[in-house]
S.K.: 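Please read through the structure below; I'll follow up with questions.
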Amino acid sequence: MEKINIAVLISGNGTNLQALIDAERDALLKSGTLTLAVSDRPGAYGLERAKKAGIPAFAVERESFEETLEALLAKHKIGLIVLAGFLRILSPGFAKRWEGRVINIHPSLIPAFCGQGYYGLRVHEAVLERGVKWTGATVHYVNAVPDGGAILLQKPVAVLPCDTAQSLQQRVQREAEWELLPQAAELVCQKLAEAKK
Ligand code: GRF
């Protein structure tokens with residue numbers, strides 16, 4: 001079966017991108033191939049991770065972001081976009097055009113602690129403030145509503161009494177995000193490849 005070309009959009013460190021790179025190396029991700037990495041921030045360390053893995057990587061200007069992105073996606077024949085710590089919200093028009101072909105990882109159990117304003121450490125601060133005993137991560141399809149698309153995979157992670165927002169963020173990444181995102185990417189690539197046959 002023909003593999004689906006994957007573009008990964010990032011804004012920062014890119015540990016989730018690294019999890020995808022490792023999963024492709026270990027053939028856990030086998031129905032898709034990492035083809036392109038794009039950042040909305042020139043200094044994002046994830047771009048270095050992509051280059052080290054031999055994946056073409058670009059920082060794209062914020063002003064004309066979606067226009068430039070669409071051109072890169074077409075040039076690299078991208079079939080699936082993975083948002084992996086990507087902080088910019090895509091326009092409703094873009095989300096509509098790419099419906100069913102964009103997924104995102106969010107560091108909480110949606111519908112808790114998600115939507116406008118819930119990103120990065122803020123999510124984990126809110127979790128601690130509310131005092132919930134379980135949090136986790138969710139991979140979902142992207143639609144026009146922030147964190148509002150259909151849920152693909154979720155994994156719970158316990159909140160410990162000694163947790164700080166930082167320690168919780170790290171545990172959610174290690175125990176849930178880095179495992180879920182490659183799994184979800186493989187699932188969706190399988191589905192898209194099947195539909196192409
Ligand atoms: C992750 O926790 C992700 O869920 C959130 O931003 C963080 C990005 O981490 N949206 P990284 O850039 O993949 O290391």
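Please read these numbers as outputs of a predicted model, since none were measured by experiment. Note that ligands are numbered from 1 as they come in the structure, with each ligand's atoms numbered from 1 the same way.
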S.K.: Using the benzene-type ring in the case of Trp, are the ring centres of Phe58 and Phe65 under 6.0 Å apart?
M.R.: no
S.K.: Just to confirm my output: which protein heavy-atom neighbour is closest to atom 9 (O) of ligand 1, and how far is it?
M.R.: Gln173 NE2, 3.4 Å
S.K.: Pick one of side chain, backbone, both or neither for how Glu177 approaches ligand 1, counting any non-hydrogen atom pair under 4.0 Å.
M.R.: side chain
S.K.: Would you call Glu99 and Lys96 a salt bridge, using N to O less than 4.0 angstrom?
M.R.: yes
S.K.: Is it true that Glu175 and Lys155 have a side-chain N and a carboxylate O under 4.0 angstrom from each other?
M.R.: no
S.K.: Between atom CD1 of Ile81 and atom CZ of Phe86, what is the distance when rounded to the nearest 0.5 Å?
M.R.: 9.5 Å
S.K.: Using 4.0 Å as the upper bound for N to carboxylate O, is an ion pair formed by Arg88 and Asp40?
M.R.: no
S.K.: Of the protein's non-hydrogen atoms, which lies at the shortest distance from atom 6 (O) of ligand 1, and what is that distance?
M.R.: Gly85 CA, 3.7 Å
S.K.: Please name all residues satisfying salt bridge (Lys or Arg N to Asp or Glu O under 4.0 Å) with Arg130, sequence neighbours left out, ordered by chain then number.
M.R.: none
S.K.: Students should be able to answer this: which protein heavy-atom is nearest to atom 14 (O) of ligand 1, and at what distance?
M.R.: Thr15 OG1, 2.5 Å
S.K.: Closer than 4.0 angstrom: is that true for some heavy atom of Gly14 and an atom of ligand 1?
M.R.: yes
S.K.: Please confirm whether Asn16 comes within less than 3.5 Å of ligand 1 when only nitrogen or oxygen atoms on both sides are compared.
M.R.: yes
S.K.: Does Ile105 reach ligand 1, in the sense of a heavy atom lying below 4.0 Å from it?
M.R.: yes
